[in-house]
Amino acid sequence: MLNLILFGPPGSGKGTQALLLKEKYNLLHISTGDMFRMHTKNNTGLGLRVKEIMDSGELVPDSITIEMLEEEVRNNPQVRGFIFDGFPRTVPQAQALDTFLEAKGEKIDAVIQLNVSEEEIKSRISAREKISGRPDDDAVKLLKRLEEYFNKTIHVIPYYTSQDKVSKIDGIGEISDINISICEIIDGI
Ligand code: ADP
């Protein structure tokens, strides 16, 4: 199996790159943000529980997120591997993922960190807000998401650095060039 984590702040291009990588390497793309949005759109029990939290720009509690993620992995036993996008976003999530994969005899192969400046993030998300319709893309909510990122999510990087799994990529530039850089890392695993 090939299991990748795409890591980066909001608007760093994780989703865009995931779509290219899943085709090339035949992997299943799991975006916890997309999954939560699907639940809120369909007014499922889970969706109703997380809608307010998501709209505010805060992180959904670990227990809910981990359970949803593990169920999605369990439901797809035949795949060649996974691209995790937007997960793990906290150290407890990363630990839970390691424990879960280990029990299946699997592991994370690489963590690809997309580096994008805060200024670029703000400009990308404000452009996206016009088309995304996402309540959390407004400027004030974005600040909350960035705060969550710098307070909670960034600590995932030292966690995986200690396992020697992190590769940093410049996330500013042509989508195709960034994709080439990521593929070089994957092909070198
Ligand atoms: P972004 O554009 O910020 O990368 P996502 O689409 O990945 O956004 O996530 C949107 C929202 O969904 C987050 O702000 C958070 O409320 C919730 N969410 C997604 N993934 C997670 C996670 N792993 N842990 C907690 N909350 C999450």
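Just follow the structure's listing: the first ligand is 1, and inside any ligand the first atom is 1.
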Contact partition for Leu59 relative to ligand 1, non-hydrogen atoms under 4.0 Å:
both
Would Gln163 and Asp98 count as having a side-chain donor-acceptor pair, cut-off 3.5 Å?
yes
Residue-level breakdown please: for Arg128 versus ligand 1, do any non-hydrogen atoms fall below 4.0 Å on the side chain, on the backbone, on both, or on neither?
side chain
Between Asp138 and Arg145, does any NZ, NE, NH1 or NH2 come within less than 4.0 Å of an OD or OE carboxylate oxygen?
no
What salt bridge (Lys or Arg N to Asp or Glu O under 4.0 Å) pairs are there with at least one residue in residues 65-90, not counting sequence neighbours?
none
With atoms numbered from 1 as shown, which atoms in ligand 1 lie under 4.0 angstrom from a non-hydrogen atom of Gln93?
22 (C), 23 (N), 24 (N), 25 (C)
Please verify whether a non-hydrogen atom of Glu148 lies at under 4.0 Å from ligand 1.
no
Arg37, any N or O under 3.5 Å of ligand 1 N or O
yes
For ligand 1, is there an N or O atom under 3.5 Å from any N or O atom of Ser31?
no
How is the hydrophobic cluster of Ile169 composed, in terms of its other members, when Ile, Leu, Val, Met, Phe, Trp and Tyr link through side-chain heavy atoms under 4.5 Å apart, directly or indirectly?
Leu2, Leu4, Leu6, Leu21, Tyr25, Leu27, Ile83, Ile112, Leu114, Ile178, Ile182, Ile185, Ile186, Ile189
min-distance protein heavy atom vs atom 5 (P) of ligand 1 -> Arg89 NH2, 3.7 Å
If we ignore hydrogens and angles and just use 3.5 Å, is the side chain of Lys14 paired with the main-chain N or O of Pro9 as donor and acceptor?
yes
Would you call Asp137 and Lys141 a salt bridge, using N to O less than 4.0 angstrom?
no
Any idea which protein heavy atom is nearest atom 11 (C) of ligand 1, and the distance to it?
Met54 CE, 3.7 Å
Tell me, which protein residue and heavy-atom name are nearest atom 16 (O) of ligand 1, and how many Å apart are they?
Glu58 O, 2.6 Å
I need the nearest protein heavy-atom contact for atom 20 (N) of ligand 1: residue, atom name and distance, please.
Thr32 OG1, 2.7 Å
Give the residue and atom name of whichever protein heavy atom lies nearest to atom 3 (O) of ligand 1, and the separation in Å to one decimal.
Arg145 NH2, 2.9 Å
Given Ser12, Gly86, Gly33, Pro88, identify the one with the heavy atom nearest to atom 9 (O) of ligand 1.
Gly33
Test your reading of the structure: does Asp85 have an N or O sitting under 3.5 Å from an N or O of ligand 1?
no
To check your reading of the model: name the closest protein heavy atom to atom 26 (N) of ligand 1, its residue, and the distance in Å.
Val60 N, 3.0 Å
Is there a heavy atom in Lys144 that sits closer than 4.0 Å to ligand 1?
no
Taking only heavy atoms of Thr65, which atoms of ligand 1 are found under 4.0 Å from at least one of them?
22 (C), 23 (N), 24 (N), 25 (C)
So is Lys14 close enough to ligand 1, meaning a heavy atom under 4.0 angstrom away?
yes
Which protein non-hydrogen atom lies closest to atom 8 (O) of ligand 1, naming both residue and atom, and how far is it?
Arg134 NH2, 3.2 Å
Testing Ile30, Val60, Leu46, Val50 one by one against Met68 for a side chain to side chain contact (heavy atoms under 4.5 Å, CB included), which residue passes?
Leu46
For the pair Phe82 and Phe84, name the ring-plane relationship: parallel under 30°, tilted 30 to 60°, perpendicular over 60°.
parallel
What protein heavy atom sits nearest atom 27 (C) of ligand 1, and how far off is it?
Phe36 CE1, 3.8 Å
Look up atom OH in Tyr149 and atom CD1 in Ile154, then write down how far apart they are to the nearest 0.5 Å.
3.5 Å
